[in-house]
Amino acid sequence: MIYPDLDMQIPDELGKVHFVGIGGSGMSGIARMMHAAGVRVSGSDRSANYNTKALAELGIDVSIGHDAANVGDTDTLVVTGALWQDNPEYQLALAKGLPVLHRSQALAWLARGKRLVSIAGAHGKTTSTGMVVTGLLGLGADPSFVNGGIIESLGTSSGPGTDDLFVIEADESDKSFLLYDTAIALITNVDPEHLDFYGSRENFMQAFVDFARGAREQIVVSADDSGALEVLASLREQAAGGELPAIRTFGEAEGADVRLVSLDDSGPVAFEVELIGADGAVERHRAQLSVFGRHNAVNAVGALAVLTGLGFDAAASLRAISEFGGTKRRFEFHAEVGGVRVYDDYAHHPTEVAALLDSARAVVGEGRLIAIHQPHLYSRTSLFHREFAEVLEQGADRTVVLSVDGAREDPVAGVTGALVADDFSDQSRVAYIDDWQRAADYLAEIAEPGDVMVTMSCGTVYQIIPQVVEALHGRFDADGE
């Protein structure tokens, strides 16, 4: 793991920039933006994917596989935090004394001089960022943006704009969200995680307080989430009577400044929202989204709070937000075989998994919901295996647990997907299968028409989908269905 140096002076001129791990969702967006700004960009990644292909089509030199030779005549190296310290390109840059920027520092360089809307939170920030961007574009604004996932309607995770507004997904995992000169801060929720980096819950919560305090114009914060409310209370206490920017709350809670009411999540979610003005007057509007789930209604209300805080009309903002069609790897439909539908989602924390399964119920209808869970990180699996088991058993009819995707972490003895599976009270509803082909075959064997399967993890689990689809074809084509 490579962490950003928050005190590092970012050079004004970067010269030629080489991205190590350019295929990542965040890295690819930043690389695309630098290329659009006229910076000479190259990059490498361990394997090809949608992002590397899209960047190559723009004329960016992308190498598959990491090799010191890829550095070439690079002036500045940009790295992702998930990079291993022994990466040959990273090590050569250090040996040559080249400036090495964490991806968050590259994003801060792009956003310099802009009116920055920074969206942070343990869950929902990619969707919320997509909603704010979609809303602004629908309202006739032209913001720059960098999101952590591809916005389906735009087909990209980033784009340069002509306005002074710049919207970003701000990552809390390594304190990098403190790097940004934020004008408007949106906090979707605060669910303590990444304690291997922060060391304690207190340090994690304080980072969010510092993030909110850094906002120059406005803080928009959840009125429903206990962690967010704790941050808000600490912020006010630490300000000790000093000036704070305007604070607006959103959510379903009584007293929220922008309040979600009358929600219907039996299909694409619909709701009404009440906005309390500075004079205490209440205006009420109805919205119909294109996406599923209560959590997306809450995300939309948070986005509405940002847009109206920027001065846009509430009714027009809701109409613009309603055009948001989701982001890749957020309950993304992939295939239907024999009446079995296969989706993929980025959910990798128990809270996210619970929200995903709740949303998926609206899609399942009379069928069953089959979860394909890939635990992500040994540290997270060790910390949350009981919670994962609880939400999976409660929300899914059947669950297949795969082996852990350790990503940047070394394996930990005894920490496997079996930890999650073993915590199910009803063992007939779960199977731990550490071989992907056996897992795909098992899923096809238990599947019935009307079922919905959903892979879930921020790791590599989406790569099992072709095997699952092939196994389903083998099952249902052979049955003549």
Side-chain angles (χ1 to χ4, degrees), residues 4 6 10 14 17 19 22 24-37 39 51 78-81 101-137 141-151 154 156-190 207-208 210-221 245 299 302-303 305-307 309-310 321 324 327-328 330 346:
L6 301 183
I10 303 172
L14 302 181
V17 179
F19 287 75
I22 198 169
S25 56
M27 288 279 276
S28 61
I30 298 168
R32 186 181 299 108
M33 290 287 283
M34 283 199 175
H35 176 73
V39 177
N51 293 324
V78 177
V79 299
T80 171
L101 303 184
H102 186 271
R103 67 175 178 83
S104 57
Q105 292 165 317
L107 179 52
W109 184 87
L110 280 171
R112 67 200 190 286
K114 295 287 189 177
R115 189 182 181 199
L116 193 61
V117 180
S118 298
I119 299 172
H123 325 294
K125 54 183 178 286
T126 301
T127 296
S128 297
T129 303
M131 287 180 170
V132 170
V133 171
T134 301
L136 286 170
L137 292 171
D142 187 22
S144 300
F145 63 94
V146 174
N147 198 12
I150 293 171
I151 301 170
L154 303 179
T156 184
S157 63
S158 66
T162 57
D163 292 353
D164 66 339
L165 284 170
F166 199 125
V167 185
I168 66 168
E169 177 181 333
D171 183 15
E172 83 287 350
S173 67
D174 52 14
K175 276 192 181 181
S176 59
F177 64 167
L178 301 183
L179 283 167
Y180 308 122
D181 182 18
T182 295
I184 298 97
L186 168 60
I187 299 176
T188 60
N189 43 58
V190 182
F208 270 90
D210 295 340
F211 168 71
R213 182 184 288 170
R216 292 182 282 104
E217 296 181 27
Q218 188 166 122
I219 302 165
V220 178
V221 61
N299 290 335
V306 170
L307 296 177
L310 287 168
I321 291 169
F324 175 75
T327 56
K328 281 192 177 295
R330 269 66 177 185
Y346 195 74

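For the atom pair M34 CE and S158 OG, the distance stands at 11.5 Å (nearest 0.5 Å). Between the CD1 atom of I150 and the OG1 atom of T156 there is a distance of 7.0 Å, given to the nearest 0.5 Å. Taking OG of S104 as the start and CD1 of I30 as the end, the distance is 8.0 Å to the nearest 0.5 Å. Expressed to the nearest 0.5 Å, how far NZ of K125 lies from CD1 of I187 amounts to 12.0 Å. Here the straight-line distance linking atom CG of L116 with atom CD of E217 works out to 10.5 Å at 0.5 Å rounding. Rounded to the nearest 0.5 Å, atoms OG (S157) and CZ (R32) are 4.5 Å apart.
Considering only heavy atoms from C-beta on, L310 comes within 4.5 Å of L165 through its side chain. Between T126 and N147, some side-chain heavy-atom pair lies under the 4.5 Å cut-off. Here the side chains of Y180 and L107 are in contact, with some heavy-atom distance below 4.5 Å.
For Y346, the ring-ring contact (aromatic ring centres under 6.0 Å, His included) partners at least two apart in sequence or on another chain are H348. Every residue meeting the salt bridge (Lys or Arg N to Asp or Glu O under 4.0 Å) condition with D181, not counting sequence neighbours, appears here in chain and number order: R216.
Open room surrounds NZ on K175; 12 or fewer heavy atoms of other groups in view lie less than 6.0 Å from it.
Aromatic ring centroids of F177 and F208 lie under 6.0 Å apart.
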